[in-house]
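Residue numbers start from 1 in every chain, and the chains themselves are labelled A, B, ... in the order their sequence lines are given, proteins ahead of strands. Note that the structure is a prediction, hence the values are computed from the model and not measured.
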Amino acid sequence: MAVDYEIHDHDVLIIGAGGAGLRAAIQASNAGASVGVVTKSLLGKAHTVMAEGGMAASLGNVDPADNWKVHFADTMRSGKMINNWRMVELFAKDAPNQVYQLERWGALFDRTPEGKIMQRPFGAHTYRRLAHVGDRTGLELIRTLEDRSIHTGATVYMECIVTRLLKDGDHIAGAFGYFRDDGRFVLFRAKAIILASGGWGRMYKVTSNSWECTGDGVAMAYEAGAELRDTEMVQFHPTGMVWPPGVRGILVTEGVRGEGGLLKNSLGERFMEKYDPKKMELSSRDVVARSIYREVQEGRGSPHGGAFLDISYKPADFIRTKLPSMYEQFKVLADIDITKEPMQVAPTVHYAMGGVDVDGDTAATTVPGLYAAGEVASGLHGANRLGGNSLSDLVVFGTIAGQCAADHARGIASFPGIDDAQIRDEQEILLRPFESGGGENPYLIHQDLQDIMADHAGISRTGPGLEEGLAKLAALRERACRISIKGSRIFNPAWSMARDDLFMLTVAEAVIRAALARTESRGAHWRLDYPELDPEQGKVNYMVCKADGCMEVHAAPIPPMPPELQEVIEETS
Amino acid sequence: MPDETITFRVWRGDPSGGQEVEYRVPAVTGMVVLDAMHYIQAYLDGDLAVRWNCKAAKCGSCSAEINGFPKLMCKTRIDGLPADAPIHVHPMRSFPVIRDLVTDVSWNYRVNKEIAPFTPAEDDGEPWIMYQEDVQRLYEPRKCIECFLCQNTCHVLRNHDDFAGYYGPRYMVRYQYLAMHPKDILDRREALKQKAGIGYCNITKCCQEVCPEHIHITDNAIIPLKERVADEYYDPIRWAIRKLTGGERKPEESTTGPGIVETPK
Amino acid sequence: MTVEERVAEAPSVRQPPTNAMPGRGGWWIQPNSVAIAFTLFILYSGWSVLFLSGHTTYGPYLSPFYSPHIPLNWPLSAAILVAWVPLGFRATCYYYRKAYYRAYFRDPPACAIGEPQHPHLFAGSYSGERKFPWVLNNFHRYFLYLALIVLGFLWWDTINAFHYGGTWYVGLGSLLMLANVILLTGYTFSCHALRHLVGGSVDCFSCAFAGRPRHGMYGLVSKINPYHPNFAWLSLASVAAVDIYIRLASYGAFGHCLGTHFGC
Ligand SMILES: Cc1cc2nc3c(=O)[nH]c(=O)nc-3n(C[C@H](O)[C@H](O)[C@H](O)COP(=O)(O)OP(=O)(O)OC[C@H]3O[C@@H](n4cnc5c(N)ncnc54)[C@H](O)[C@@H]3O)c2cc1C
Ligand code: SF4
Ligand code: SF4
Ligand code: FES
Ligand code: FES
């Protein structure tokens with residue numbers, strides 16, 4: 001018998017209340033579906049809130065020459081052409097509309113003197129393209145969507161953790177989880193489910209990601225039979241804080257470089273001259289991150305093992321208005337006044353380009369009824385995400401997913417059936433740590449996982465290193481089965497950590513296996529044993545899926561780009 | 001600082017009561033209170049309930065009362081607190097405890113639902129032109145990270161329990177944005193006076209003192225809104241002029257609140 | 001469920017407010033110092049205005065409590081004809097409201113500190129500024145208008161204080177009066193009601209009538225508005241100081257010397 005649980009029915013269930021989830025909720029509600037939104041945290045706290053620099057859209061407000069084609073080409077090139085080109089096309093075309101839509105829902109961006117939306121330059125964007133509000137664009141985005149979505153009729157289940165997707169045959173049927181505040185179990189029955197659960201940065205120690213980014217959605221989709229793609233592509237943001245130890249990894253927005261910040265090594269050289277003399281500090285993230293890494297490796301790092309990032313030559317007032325939260329962050333957390341002295345920065349794990357494979361036009365995964373949008377989905381960013389492309393990704397594909405999921409649900413007459421076995425199985429997994437006397441500490445498992453990922457699947461990778469990491473993962477998984485925790489189910493963080501560990505172990509394996517498969521260096525994926533780009537592997541994506549209970553990786557050829565898009569790439573080169 | 005340990009007294013308990021529990025945590029340079037809570041979770045007491053997300057003072061999840069003062073745990077450095085005394089960490093007092101440092105703040109979300117959303121006029125759909133001078137003062141209220149420290153501190157809620165009468169400072173900040181936005185067409189004054197209960201505030205500025213985003217809640221949100229309400233209700237000369245000239249009025253925000261959707265539970 | 005419902009159901013759910021916050025000390029220093037300072041000022045100014053109508057001028061100087069100078073022949077002090085204006089202005093001032101609610105009414109005495117369970121003045125329970133008498137504070141703007149007039153007189157007095165015996169003249173008293181009137185001007189022009197009046201009420205400066213100049217004025221007032229509490233305290237002190245100085249001078253405390261000008 002399954003332990004008691006409560007049941008909620010929704011046409012469309014959305015897992016995640018970040019930018020993608022909330023945008024999808026608004027769209028699906030407006031399309032007439034009854035919508036439930038589940039989030040691990042409180043509303044408005046999702047990881048999206050941390051985004052700083054801006055959202056990319058070719059509005060052409062400051063550089064009139066900009067248009068969707070240039071944005072398309074920039075995104076494809078920086079993704080090293082393994083992106084899903086259809087997604088990129090839809091994205092580049094729709095992003096400006098989405099920015100204006102947000103403004104009509106009450107978002108407020110910085111303005112140009114002519115009263116239009118201001119745009120700032122960012123790495124590897126040809127033109128000044130990022131609509132922004134100082135350095136807290138994500139807050140603006142999520143607050144706007146939050147204040148809008150609460151009036152749409154969607155029901156938000158806060159501090160509720162979904163741990164398993166349920167199926168009826170092939171089709172998605174619901175999701176199972178529990179409420180954090182009292183630990184009661186809950187079953188959501190749904191005709192369609194949208195995954196909008198964000199990334200998995202927390203499997204690394206040095207990361208800019210928030211508590212929630214434990215890859216739940218990717219792991220659940222994998223378990224439910226969906227294909228994952230490009231999981232080897234983990235973005236290292238070049239500039240994370242390095243000192244003091246407690247803040248290591250916290251992001252220093254690319255906006256600092258966008259507003260003129262210079263990178264220097266301990267000799268005072270602007271070392272980007274060596275690596276990318278044309279774009280310098282505003283080269284793409286993979287290039288800048290590797291350059292800093294090299295400088296440090298070769299002994300020209302700052303005292304705490306990073307590079308210097310200096311904006312103090314600009315007027316103090318300018319810095320305080322353009323980068324207010326950076327100013328505050330360094331002042332309070334690191335005792336550094338960035339208007340007077342340089343910051344120390346080093347690469348930090350930032351974003352997962354890989355994720356659940358989706359169809360560009362519908363955001364549908366390979367599981368019928370299951371959709372994915374936002375960081376959890378894959379395809380738009382290819383091998384390297386451009387700064388600012390994620391926030392517009394959230395709204396563009398949040399909209400598409402919301403609409404298509406609502407349409408899909410409309411075509412289904414009654415709620416799919418759910419057999420009790422799936423629920424019992426999940427309850428068993430969830431309750432095991434309370435009953436087990438194995439003695440493993442979930443927090444320490446997490447720390448060990450972080451060490452494995454840093455050592456074996458970090459910014460630079462080698463075949464043997466990855467193999468070793470894989471072996472360590474297997475051993476760690478053994479230990480994870482023996483996690484035991486004390487206390488009750490009422491708001492017990494050790495309990496959620498225990499399940500998160502399992503999610504992260506699954507995703508970590510997918511990262512390492514795909515990284516082993518890609519025997520070349522491309523974008524964020526840097527193999528020391530295969531330092532060159534391999535044109536043949538530029539024609540494939542590595543897909544991960546569950547086959548007979550085991551993880552399997554295979555190469556899937558990228559469909560050829562239609563001639564009109566080919567032309568776009570050529571004419572902008 | 002190495003080899004030093006710091007003593008924490010963390011309130012632990014649930015709705016039926018609780019007490020301070022003492023923990024000793026090794027000191028690390030630049031450490032914040034939230035780091036110490038994480039240390040306790042990992043090595044001393046795994047089930048210590050703490051709410052946090054970003055650890056970068058951006059999400060407003062980790063609100064607590066540290067040495068009797070409402071603060072964000074991830075923004076409170078240990079070296080800024082008295083070194084020789086234990087550090088007391090308590091949950092916010094104005095909201096019901098769920099467990100340990102975690103409180104039930106859902107009341108705030110209910111309030112937010114009662115506020116009519118941003119409402120622009122129907123127009124041709126062209127991109128808006130808004131000059132910096134028109135929106136300059138609107139960036140400040142948008143910095144709010146909804147940490148609810150101001151709600152927790154406001155004596156109207158904390159000491160007088162007037163949850164039914166007053167929306168609290170966080171939502172005065174929200175109203176400031178809506179009321180002053182050049183494109184919002186609703187007249188928010190009656191709503192402010194009636195359902196939001198701005199009159200309960202006696203501008204004693206504690207909200208402003210605790211706001212981690214340094215929003216001048218009282219000076220730039222509440223007082224200007226009080227002045228707007230005074231225009232409508234406490235200004236006989238303006239009233240007379242209005243009566244004499246007639247003049248067009250903006251549509252008013254409903255005082256009973258727009259389509260409230262019940263939160264689950 | 002609302003918080004109240006929860007509280008009603010399980011009274012122990014919320015920890016009651018208290019002023020014995022663990023680890024927190026010294027919060028009472030500020031409200032008590034403010035209370036003492038206010039009380040001293042009120043006692044002195046009340047005494048000065050009500051009972052000391054003599055010795056309020058000296059040479060070209062005029063005590064600010066007695067401005068504008070009204071030659072009257074009645075038993076009461078002439079100052080009370082005007083003094084209610086600055087009194088009302090300050091009593092309804094947003095800053096002073098904060099200060100006296102905290103210092104006198106302990107509503108609250110300090111942030112996140114419990115309040116004594118005193119019966120609230122004129123109302124059974126706390127009602128903020130919604131009921132008499134505190135609702136009257138909403139009329140602050142009218143005191144502002146009157147205070148602007150009084151401020152004009154004070155400037156006039158100050159100019160006169162630089163003019164004595166048919167010629168220009170500078171003395172300690174005139175300098176004190178100048179400092180005082182500057183501080184009072186700072187106080188008055190950083191007023192929240194003035195800020196609202198000049199531009200705070202405008203939603204769209206680029207569309208409103210006279211929007212640009214109003215935006216300029218609003219910007220200026222907004223610049224000094226954060227210093228309103230500072231002006232409030234400094235001008236309070238300077239008013240008293242000028243009054244005391246002139247009285248002492250008029251009692252002959254500094255001999256009969258009005259400054260270097262007279263060569264003594
Ligand atoms: C510091 C920082 C700065 C950034 N700056 C920028 C920038 O300037 N521009 C840009 O374009 N991008 C930026 N990014 C990237 C961008 O913010 C993220 O990629 C994006 O916000 C992801 O949004 P999302 O909606 O996909 O998911 P998230 O915002 O991560 O939301 C995930 C949601 O899913 C919920 N969830 C997860 N798992 C579960 C579960 N098991 N059960 C229930 N709910 C669950 C969570 O509670 C949360 O609500 C930045 C990222 C960081 C870390
Ligand atoms: S100023 Fe008003 S809203 Fe702010 S804490 Fe005081 S009473 Fe509450
Ligand atoms: S106004 Fe300030 S204190 Fe209040 S919720 Fe917002 S950020 Fe927190
Ligand atoms: S954890 Fe986000 S504000 Fe402290
Ligand atoms: S005089 Fe203080 S606010 Fe008007």
Answer with side chain, backbone, both or neither: which region of [X] has an atom nearer than 4.5 Å to a non-hydrogen atom of chain C?
X         : answer
Tyr131(B) : side chain
Asn152(B) : neither
Ala85(B)  : neither
Ile87(B)  : neither
Pro236(B) : both
Asp235(B) : both

Which residue out of [options] racks up the most heavy-atom pairs below 4.5 Å with chain C?
options                                   : value
Arg9(B), Met180(B), His216(B), Glu133(B)  : Glu133(B)
Asn202(B), Val210(B), Val135(B)           : Asn202(B)
Asp219(B), Ile203(B), Thr218(B)           : Ile203(B)
Pro70(B), Ala179(B), Ala230(B), Cys206(B) : Cys206(B)

Residues of residues 220-228 of chain B contacting chain C, heavy-atom criterion under 4.5 Å, by residue number: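 Under the 4.5 Å heavy-atom cut-off, Asn220(B), Ile223(B), Pro224(B), Lys226(B), Glu227(B), Arg228(B) qualify.
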
Aromatic ring proximity His228(C)/Tyr94(C), centre distance under 6.0 Å: no

Aromatic centroids of His160(B) and Tyr166(B) separated by under 6.0 Å: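 No, the ring centres sit 6.0 Å or more apart.
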
I want to check a possible cation-pi pair here: [X] against [Y], using under 6.0 Å from ring centre and within 45° of the ring axis as the test.
X         : Y         : result
Lys193(B) : Tyr233(B) : yes
Arg170(B) : Phe148(B) : no
Arg137(B) : Tyr177(B) : no

Electrostatic pair [X]:[Y] at N-O distance under 4.0 angstrom:
X         : Y         : value
Glu232(B) : Arg188(B) : no
Glu20(B)  : Arg12(B)  : no
Lys183(B) : Asp123(B) : no
Asp104(B) : Arg99(B)  : no
Glu209(B) : Lys205(B) : no

Who among [options] has the most heavy-atom pairs with chain B under 4.5 Å?
options                                    : result
Ser206(C), Pro226(C), Ala208(C)            : Ser206(C)
Phe205(C), Tyr142(C), Phe139(C)            : Tyr142(C)
Arg195(C), Arg102(C), Arg212(C), His215(C) : Arg102(C)
Asn225(C), Val202(C), Asn137(C), Leu197(C) : Val202(C)

Residue Leu136(C) versus chain B: region with a heavy atom under 4.5 Å: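 Leu136(C) has no heavy atom closer than 4.5 Å to chain B.
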
Toward chain B, the part of Ala110(C) with a non-hydrogen atom under 4.5 Å: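 Ala110(C) touches chain B through backbone heavy atoms alone.
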
Residues Arg90(C) and Ser235(C): side-chain donor-acceptor under 3.5 angstrom: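 A pair is found: one side chain offers a donor N or O, the other an acceptor, under 3.5 Å apart.
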
Mutual orientation of the aromatic rings belonging to Trp134(C) and Tyr100(C) [parallel < 30°, tilted 30-60°, perpendicular > 60°]: tilted

Which residues share a side-chain hydrogen bond (donor to acceptor under 3.5 Å, both in side chains) with Arg97(C), sequence neighbours left out: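 For Arg97(C) the side-chain hydrogen bond (donor to acceptor under 3.5 Å, both in side chains) partners, ignoring immediate neighbours, are Glu129(C).
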
Flag side-chain contact, heavy atom, 4.5 Å: Ser190(C) against Val221(C):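 Not in contact.
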
